[in-house]
Amino acid sequence: MKRFLAGVRYMFSVLDWPLLMILCMMAALGLIVMHSAVGSTDWRFADQARNFLIAFCAMWVVAMVPPPQLMRFAVPAYMVGVALLMAVELFGETSLGAQRWLNLGFIRVQPSEMMKIAVPLMLAWHFHRGDGVLRARDMLLAGLLLLVPFLLIVKQPDLGTALLVFAAGFCAIYFAGLSFRLLAPVLIVGVLALGALIYNEPYLCEPEVDWVVLHDYQKHRVCTLLNPGSDPLGRGFHTIQSMVAVGSGGLYGKGYMRGTQTHLDFIPERTTDFVFAVYAEEFGMYGGILLLVLYGLLIARCLVIASGAATHFGRLMAGALAMMFCAYVFVNIGMVTGILPVVGVPLPFMSYGGTALVTLGVACGIMMSIARYRPPRD
């Protein structure tokens, strides 16, 4: 009996309670919004509740694995992930014009999702192995480790997931010691390129102009961002309707289950990529501020865990995952409000989807593992 009670105490001791409370509030809010988005009789609400349960179980299991054990999974997880991405390229199933899924017979998987964890895990292990000593070859190898899965995911094409993988991996490299002076020229070139794009938008968005490095649908998304009214019933429909929904919510919102844009089917993909439009229409600006505060608390708690991590691996991994959460929120809300192109990034703990929720659960489990770990004293 004592051994059983000790096991139960250990299972609960691995949880980071501040992080868990934030996640529970976000899960409750996510289910409330999903109930409105799908309607009370839709099967997806029950399915989403099940997804949350699976994600929390995954979080709990991973939280019991100490960081030294997690590091042992770094290389196998990365290699398996890259192999599966290459298999998708050769044998993957195509859906809605994208080849992202791999049918293994007993299960259908999206390998790009696991790379959101595998890439920062691999990079954190890579830099931890160097004991904090940075050499040029270490940075070059890290860049290659990040570039390979990024390009494979872009080729599917899945720019949204590729950006999240890149954000998590790049932050791990930056926190490892990448100098900001090396980034400044890239940022300057990016700002100048954006200015040139905006200035030459009437010409560059002509149908006969080929952007070479982007698929046609990606070019159309950028052009739609710059001028949504150019095709309001076609390519600009998603952006315009989501902006209308967000704006119509006003300060206080229209009320739960009373969103006209939502329930008259004007908001496309309202359970996945555009769920924030449903939330903003029904709960207004004050509700949006509450949601952003919760995301801010989540990211802040992750950064606190990163700063207090006992190992170099823990600091890099926790910091990278914190920035991945930040990228999730910024990109999704940015595309819904019309300040970023539509790239298909879900809103954490709000959008419908099992694979993405389990990935988030694993990420939070890793955070809890890092938070409680203290290396044994010699």
Side-chain angles (χ1 to χ4, degrees), residues 15-60 113 116 160 164 242 245-246 249 253-259 261-263 267-302 321-322 324-337 344-365 367-368:
L15 298 174
D16 182 77
W17 292 100
L19 181 57
L20 181 63
M21 286 189 291
I22 295 169
L23 294 176
C24 287
M25 287 188 286
M26 298 196 70
L29 193 59
L31 287 175
I32 289 171
V33 176
M34 189 59 59
H35 182 267
S36 177
V38 303
S40 57
T41 59
D42 194 287
W43 59 270
R44 284 171 294 184
F45 174 75
D47 204 35
Q48 183 74 341
R50 184 205 63 187
N51 292 337
F52 268 113
L53 180 61
I54 295 173
F56 273 84
C57 289
M59 177 195 72
W60 207 332
E113 280 293 326
K116 296 175 184 177
L164 293 177
S242 65
V246 172
K254 295 178 179 178
Y256 182 58
M257 299 286 287
R258 296 182 179 178
Q261 293 291 113
T262 300
H263 295 287
I267 301 177
E269 306 296 337
R270 63 179 185 267
T271 62
T272 52
D273 297 343
F274 288 86
V275 70
F276 180 75
V278 177
Y279 177 84
E281 183 183 25
E282 298 188 350
F283 295 96
M285 188 184 76
Y286 291 139
I289 292 174
L290 172 63
L291 182 61
L292 291 177
V293 167
L294 286 176
Y295 280 127
L297 291 174
L298 171 66
I299 295 167
R301 181 57 189 164
C302 292
L321 292 179
M324 184 185 75
F325 288 141
C326 186
Y328 258 113
V329 176
F330 177 74
V331 173
N332 180 273
I333 295 181
M335 73 179 189
V336 171
T337 54
V345 172
L347 189 61
F349 305 105
M350 301 288 285
S351 295
Y352 174 82
T355 306
L357 265 180
V358 171
T359 300
L360 292 170
V362 171
C364 291
M367 298 297 305
M368 292 184 179

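Values reported hereafter were calculated over all heavy atoms of this structure, with side chains retained and with hydrogens, waters and symmetry mates removed.
With values rounded to the nearest 0.5 angstrom, C364 atom SG is found 10.0 Å from D16 atom CG. Rounded to the nearest 0.5 angstrom, L23 CG and M25 CE are separated by 9.0 Å. We find the CE-NE2 distance between M257 and H35 to be 5.5 Å, quoted to the nearest 0.5 Å. Between atom CZ of residue F56 and atom CG of residue L15 there is a gap of 10.0 Å, rounded to the nearest 0.5 Å. A distance of 8.0 Å separates CG of L360 from CD of E113, quoted to the nearest 0.5 Å. Rounded to the nearest 0.5 Å, atoms CG (L294) and CD1 (I299) are 11.0 Å apart.
Heavy-atom minimum distance, V336 versus S242: O-OG, 2.8 Å. Among all heavy-atom pairs drawn from M34 and M350, the shortest one is CE-O, 3.3 Å. In this structure, L321 and A363 approach most closely via the heavy-atom pair CD1-O, 3.6 Å. The heavy-atom pair separating A322 from C302 by the smallest distance is CB-CB, 3.6 Å. Shortest non-hydrogen contact noted between M59 and L20 is CE-CD1, 3.8 Å. Nearest heavy atom pair, residue V246 against residue A277, reads CG2-CA, 4.1 Å.
Between D47 and R50 there is a salt bridge, since a side-chain N of the basic residue sits under 4.0 Å from a carboxylate O of the acidic one.
When atom types are taken as modelled, the side chain of N332 and the backbone of D273 share a donor-acceptor pair closer than 3.5 angstrom. Checked by atom type and distance alone, the side chain of E281 pairs as donor or acceptor with a backbone atom of Q261 at under 3.5 Å. No side-chain donor-acceptor contact under 3.5 Å links Y279 to the backbone of V33.
In this pair, F283 and Y256 present their aromatic rings tilted. The plane angle is within the 30 to 60° band. Taking the six-membered ring where the residue is Trp, F325 and F349 present tilted rings, their angle falling between 30° and 60°.
With contacts defined as side-chain heavy-atom distances shorter than 4.5 Å, the pair Q48/T271 does not qualify. Contact check for L298 versus V329: no side-chain heavy atoms found under the 4.5 Å cut-off. No side-chain heavy atom of L357 sits under 4.5 Å from any side-chain heavy atom of I54. For the pair Y295/L291, a side-chain contact is recorded, criterion being any heavy-atom separation below 4.5 Å from C-beta on.
Side-chain atoms of S36 and E282 form a donor-acceptor pair, as typed in the model, at a separation below 3.5 Å.
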